[in-house]
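Everything below concerns the one structure shown next.
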Number of protein chains: 4
Amino acid sequence: MTHQDEGAAVPRRGRPRSADLDRAVIAATVEVLIEQGYAALTIEAVAGRAGVGRPAVYRRWPTKDHLVVSALIETVPPLRVPDTGEVLRDLEEFAVEFALRLAGSPVGPVAIAVLAEAGRRPDLAEMLRLQYLRPRDTVITDLIERALAEGRLNKNLEAGTVRDLVFGPPVYHWLVTGMLTGNVARTLVEAAIAALQIPAGADGRSDGGA
Amino acid sequence: MTHQDEGAAVPRRGRPRSADLDRAVIAATVEVLIEQGYAALTIEAVAGRAGVGRPAVYRRWPTKDHLVVSALIETVPPLRVPDTGEVLRDLEEFAVEFALRLAGSPVGPVAIAVLAEAGRRPDLAEMLRLQYLRPRDTVITDLIERALAEGRLNKNLEAGTVRDLVFGPPVYHWLVTGMLTGNVARTLVEAAIAALQIPAGADGRSDGGA
Amino acid sequence: MTHQDEGAAVPRRGRPRSADLDRAVIAATVEVLIEQGYAALTIEAVAGRAGVGRPAVYRRWPTKDHLVVSALIETVPPLRVPDTGEVLRDLEEFAVEFALRLAGSPVGPVAIAVLAEAGRRPDLAEMLRLQYLRPRDTVITDLIERALAEGRLNKNLEAGTVRDLVFGPPVYHWLVTGMLTGNVARTLVEAAIAALQIPAGADGRSDGGA
Amino acid sequence: MTHQDEGAAVPRRGRPRSADLDRAVIAATVEVLIEQGYAALTIEAVAGRAGVGRPAVYRRWPTKDHLVVSALIETVPPLRVPDTGEVLRDLEEFAVEFALRLAGSPVGPVAIAVLAEAGRRPDLAEMLRLQYLRPRDTVITDLIERALAEGRLNKNLEAGTVRDLVFGPPVYHWLVTGMLTGNVARTLVEAAIAALQIPAGADGRSDGGA
DNA sequence: CAGTAAACGAGACGGTACGTCCCGTCTTCGC
DNA sequence: GCGAAGACGGGACGTACCGTCTCGTTTACTG
């Protein structure tokens, strides 16, 4: 999927763009990302590996970042949500799986790097959030909404908050230590989910006032 | 602090390196990072702004990343831990402050970008963790140990786990949404700390087996 | 004329090189040579003066010396041979003119410097001799052949030998003393030509035995 | 011999300069000249090879050229003049030997390169001519004066003119063709010397009018 | 089905930054 | 105060890519 999306309205005269070429460039991008990393990625290298002229790449993606975001979108499919009937168990499994995938795959650091760059580039940030994060987040939020609806979690919490509490700890662990084992991930997610079952009022600050 | 640290034992022949110059380069690096961002940072620009030859920079830091790590180390001082007598309140205040600083300052994305690059560069990762993360983490861990010793937290948890559970959620929120308000940060930290006061056995999975 | 000369047969894919640019670079080279001299000549300065990127220069000439040779070739046209009917007078005029030009123009020392460097660089030497010296030498040799054919010179001499005997003395004088006046040049050339009219047998060694 | 020559009058306080060091630097210079050539010669390389600090070199020779000239002076001793009793034969032998040495040794091109550079640098030129060329030329001129005194050469010629006529042709041949064999050198020198025995009046222009 | 407009590869273009080498000067130490 | 060691600001090196721009060629739609 390229960055421009012009609702099919314009007939576009002349030779149409080759979809094969789109695919070849994205594939080459992913290869280079995995082998060389985000910082070392070069439009020239991508074009060369895809057997394509540089202008053909620029015609589709205005910057390296747009290209990488497209590659992430195309390459990292939203995880499948498990459905065991036990909604909290599903949430736990999903969170553990998510964190391990992020920490274990070569695209994990790439995603982080793009995220960091997005901090300075609003257009990139919007693209990233709209096309990459939101679809993946929706899956998570839906699952959490289900748990809330079933009354398995503290009703006072919003879905986004639950997501942060459950997914944040293992991801933070990975960022800070550079490693994430299955055990650690599970321990963190379990502990977080446990907290979400506490009824309001068991808050540590309830006796200290605010 | 440059990357080489040779225990002061060797007399070092020849003209010694100028400490003023170290400082000027670090200062210039921070300025450029804030103005231009990590990706756009150039050794040439840093040297120019510091009024220094490029080789003088290379003499001290072998790569852009080493330079940036040094700049982070010198620039971002470990936060002061509050001490109100209430250890859990201290922890909460500290976590909120930490997350807001990260999200609010221009060096936040820089730190993340370096973290991401460190994923591919073991030497850089080690330097970053040893000189930047560890000192800051020690402060946190000490505080948590104190809370554990006072019996204010679930005794079965390790300090590192507590850290991840408390600091992870607001940081994750910032990463995913690109924003972090004081309210959100406080809500997340409060909820996390609340969970850590639950005695073991209130675990959601305790009845499901594992 | 750049250093590559591929018989116009190949269609040459991609954007063709700009001939304007060739000219601009050569012109800038000559200017810098005259103002700064050979040793101080810098690719960077040439490119800058020509309003051209450095890579555009390197694309055409692999080294500073190739560039300078090209500049010499383009800049120093073969001298016109006078034709007064008197072939020996033509030779004399030509030799004097040649030597004075070499000694009097700013490119004289440049040519010598390149000649010296060519002593260590066979490819450069070949280029220099093929494209610079040979065409100029041909003019001289033709004139000498004419003189020989007319019987005005000692028949036993080869044209190359005559050239060395006539052109060598004034050039040597310039090299050794750093100066060459018209009088000196004419005296030397006259004396040399006089020698070449001697019939064989008037050799200085013929009466000294060997 | 260094470039400054302060007549031994001043006592010079402090540690005296090491003469060993002078010699080591000159030797290193010659080695580098032979191996790398004049253009590639670097003060740094010379200092390194001599086992000497760079400032020690600069203290003695202000520029690379001064250093090279010193090296030439120290290294290339004036040729010995043969003395067979036959003064013209001596001159011939000497000229042939001189040209072959120049063309055959690695310092030949070096001398030419310095000569070329001297064209733009009057101080260098003076040093070169005073300390290198003049002593060598004196030997030649003396020999020629002897020949003139013995009446073996045309009396109307000055010694300098004879030198140019005899030494110029083989040197020119070497410069233009890049080669000089013993046969060629001898042929040229013989022919030139023959011319110098012609009495005035046998001039080629005498019958052509002027 | 011929024209034509756009996409294609190739690669030159003016640039910028790279990391290195060397310049000539300076500063510090030890002899 | 000489001499080594080596840092200093500076400048040029030759290379790699940048993003843009011609080129000649190919390809699919359009009239």
Side-chain angles (χ1 to χ4, degrees), chain A residues 11-18 20-21 40-48 50-64, chain B residues 11-22 40-48 50-64, chain C residues 11-22 24 40-48 50-64, chain D residues 12-18 20-21 40-48 50-64:
Chain A
R12 307 277 251 109
R13 312 220 311 163
R15 176 175 173 179
R17 288 193 186 155
S18 157
D20 286 2
L21 204 146
L41 181 129
T42 279
I43 300 284
E44 189 148 45
V46 168
V52 147
R54 243 177 317 146
V57 178
Y58 282 111
R59 225 171 271 129
R60 293 167 167 77
W61 297 277
T63 72
K64 161 176 156 172
Chain B
R12 307 285 254 105
R13 311 230 294 170
R15 176 174 174 178
R17 290 194 183 153
S18 157
D20 287 2
L21 205 146
D22 285 54
L41 182 130
T42 278
I43 300 283
E44 189 148 49
V46 168
V52 148
R54 237 179 321 151
V57 178
Y58 282 112
R59 229 171 268 132
R60 291 167 168 75
W61 299 276
T63 71
K64 162 176 156 172
Chain C
R12 307 283 254 108
R13 311 228 294 168
R15 176 174 173 176
R17 290 194 182 153
S18 156
D20 286 2
L21 206 147
D22 285 53
L41 182 131
T42 278
I43 301 283
E44 189 148 49
V46 169
V52 148
R54 234 177 323 150
V57 178
Y58 282 112
R59 226 170 269 133
R60 291 168 168 75
W61 299 277
T63 72
K64 161 177 156 173
Chain D
R12 307 279 251 112
R13 311 218 309 162
R15 175 171 169 181
R17 289 193 184 154
S18 155
D20 286 2
L21 205 147
L41 181 128
T42 279
I43 301 284
E44 188 146 45
V46 169
V52 147
R54 244 176 314 143
V57 178
Y58 282 112
R59 227 169 272 131
R60 292 168 168 75
W61 298 276
T63 72
K64 160 175 157 172

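Reckoned from all heavy atoms, side chains included, excluding hydrogens, waters and symmetry mates. As the structure is a computational prediction, the values presented were derived from the model and not from experiment. Chain letters run A, B, ... following the sequence lines, proteins first and then strands; every chain starts at 1.
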One should read off an interatomic distance between D:Glu44 CD and D:Arg54 CZ, to the nearest 0.5 angstrom, of 4.5 Å

Please give, in whole Å, the distance from E:dC31 C1' to D:Asp20 CG? 16 Å

C:Leu21 atom CG is separated from E:dG11 atom P, nearest whole Å, by 18 Å

OH of B:Tyr58 versus P of E:dG19: gap in Å, rounded? 3 Å

Measure from the side chain of A:Thr42, starting at C-beta and using heavy atoms only, and say which of E:dG14, F:dC17, E:dG9 lies closest. F:dC17

Name the closest nucleotide to the C:Pro55 side chain, picking from F:dG6, E:dG14, F:dA16. F:dA16

Provide, to the nearest angstrom, the distance between the CH2 atom belonging to C:Trp61 and the C1' atom belonging to E:dA12. 14 Å

Shortest non-hydrogen contact between C:Asp22 and C:Trp61, atoms and distance: O-CH2, 4.2 Å

Which comes earlier along DNA chain E counting from the 5' end, the contact point of A:Ala50 or that of B:Pro16, where each point is its nearest nucleotide? A:Ala50

Between A:Leu41 and C:Ile43, whichever has its closest DNA chain F nucleotide further toward 5' is C:Ile43

Report yes or no: is there a donor-acceptor pair, N or O only, under 3.5 Å between the side chain of A:Arg54 and the base of E:dG9? no

Side chain of A:Arg15 only, please: which of E:dT25, F:dT22, F:dT26 is the nearest? F:dT26

Between atom CD in C:Glu44 and atom P in F:dT15, what is the gap in whole Å? 14 Å

Roughly, in whole Å, what's the span from NZ in D:Lys64 to P in E:dC23? 8 Å

Which value, rounded to the nearest 0.5 Å, describes the distance between B:Leu41 atom CG and B:Lys64 atom NZ? 5.5 Å

side-chain contact (heavy atoms from CB on, under 4.5 Å) involving D:Ala45 - partner list, sequence neighbours excluded: D:Thr42

Separation of E:dG9 C1' from A:Arg17 CZ (nearest whole Å): 16 Å

State, to 0.1 Å, how close C:Ala56 and C:Val52 come at their nearest heavy-atom pair, and which atoms those are. CB-CG1, 3.7 Å

From C-beta outward on B:Ala56, which listed nucleotide comes closest to its side chain: F:dT15, F:dC23, F:dC8? F:dC8

Per C:Ser18 side chain, nearest of listed nucleotides E:dA7, E:dC13, F:dA7: E:dC13

Pull out every protein N or O sitting under 3.5 Å from an N or O of nucleotides 1-4 of chain E, one pair per line with the distance.
none

Considering only side-chain heavy atoms of B:Arg59, which listed nucleotide, F:dG10, E:dG9, F:dC8, is closest? F:dC8

